[in-house]
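A short write-up of the structure that comes next.
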Number of protein chains: 2
Amino acid sequence: MLFRTLADPTRRAIFERLCRQGEQTVGALTSQSGVSQPAVSKHLGVLKQAGLVRDRHEGRQTHYSAQLSALAPLMDWTRQMAGFWESRFDDLEDLLKRMDQ
Amino acid sequence: MLFRTLADPTRRAIFERLCRQGEQTVGALTSQSGVSQPAVSKHLGVLKQAGLVRDRHEGRQTHYSAQLSALAPLMDWTRQMAGFWESRFDDLEDLLKRMDQ
DNA sequence: CGAACATATATCCCTGTGGTTATACGTCAA
DNA sequence: TTGACGTATAACCACAGGGATATATGTTCG
């Protein structure tokens, strides 16, 4: 589900912005997304269902923020793939270095 | 492009199998994929274009293997998002609260 | 209350793409 | 060379889903 959710560029950009700049209203996200407000709301719904964001209602605005813990399965998957590969003899020192950072 | 490539379950399963079990022929991959051989070939083409697999021709068969170094951008992206998140004060507070629970 | 505002939902359209079958291309064996 | 085999390409279909516009829901303010 995570891959699918993050596959769309617009949606991924929204999530990245929430990671970089913290909590944002739908309006703020819309103004820099290049698509309509309903489109942004739909993307936020998908992100929320994937657990990647959480929403907080304050008056008539809704504030969204990134829920980074949801990325854990992604890191786990990547590490697992690397593990399988590594256990089958080969260098990939470069990748392992980056994983250790 | 990585997210998009790995978003499809069938294609991701093919890649995972190549990671777990090493080099495989198209026929071997097809037999356990649940879809037709042309579909598998198409998926392999997409994976190849994303740099996630390599192909090696041997007679009339083609052997595919995972090219794990292509996952590096994925790890970099994830780490970058985590970095943005941790560098923001309010989120650190949230994290600490959750750690105390 | 009524109007402006912020967001969510409904509806529809249209493209992308994953699936199929049919077929072409290359390779091995006889 | 002919035929069987392994894989790739072609042509087509069906549907998911991202986009827009229109409208509903809910909130603040005069």
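The chains referred to below are lettered A, B, ... by the order of the sequence lines, with proteins before strands, and numbering in each begins at 1.
A sub-4.0 Å separation between OP1 or OP2 of dA8(C) and a side-chain N or O of Tyr64(A) is present.
Between the CE atom of Met1(A) and the CG atom of Leu74(A) there is a distance of 14.5 Å, given to the nearest 0.5 Å. Here the OG1 atom belonging to Thr25(A) is positioned 10.5 Å from the CZ atom belonging to Arg56(A), to the nearest 0.5 angstrom. Atom-to-atom distance recorded for Lys48(B):NZ and Ser41(B):OG is 11.0 Å, nearest 0.5 angstrom.
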Please write out the pairs of protein N or O atoms and N or O atoms of nucleotides 19-25 of chain C separated by less than 3.5 Å, giving the distance to one decimal.
{"unit_1": "dG19(C)", "atom_1": "OP1", "unit_2": "Thr10(B)", "atom_2": "OG1", "d": "3.1"}
{"unit_1": "dG19(C)", "atom_1": "OP2", "unit_2": "His43(B)", "atom_2": "NE2", "d": "2.3"}
{"unit_1": "dG19(C)", "atom_1": "N7", "unit_2": "Lys42(B)", "atom_2": "NZ", "d": "3.3"}
{"unit_1": "dG19(C)", "atom_1": "O6", "unit_2": "Lys42(B)", "atom_2": "NZ", "d": "2.7"}
{"unit_1": "dT20(C)", "atom_1": "OP2", "unit_2": "Ser36(B)", "atom_2": "N", "d": "2.9"}
{"unit_1": "dT20(C)", "atom_1": "OP2", "unit_2": "Ser36(B)", "atom_2": "OG", "d": "2.7"}

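For the pair Lys48(B) NZ and dT9(D) P, the interatomic distance rounds to 8 Å; values are reported in whole Å. Here the P atom of nucleotide dT7(D) and the CG atom of Leu47(B) are 16 Å apart, to the nearest Å. As a whole-Å value, the separation of Phe3(A) CZ from dG18(C) C1' is 19 Å.
No chain of hydrophobic side-chain contacts below 4.5 Å, direct or via other Ile, Leu, Val, Met, Phe, Trp or Tyr residues, connects Leu2(A) to Val46(A).
Taking a 4.0 Å limit (strictly below) on heavy-atom distances, residues 55-63 of chain B reaches DNA chain D at Arg60(B), Gln61(B), Thr62(B).
Among the candidates Leu52(B), Ile14(B), Thr30(B), the single residue satisfying the side chain to side chain contact (heavy atoms under 4.5 Å, CB included) test with Leu44(B) is Ile14(B).
With hydrogens and angles ignored, the 3.5 Å screen pairs a side-chain donor or acceptor of Arg12(B) with a backbone N or O of Leu6(B). Without hydrogens or angle criteria, Arg54(B) side chain to Tyr64(B) main chain gives no donor-acceptor distance under 3.5 Å.
Ring planes of Trp77(B) and Phe3(B): perpendicular class, angle over 60° (limits at 30 and 60°).
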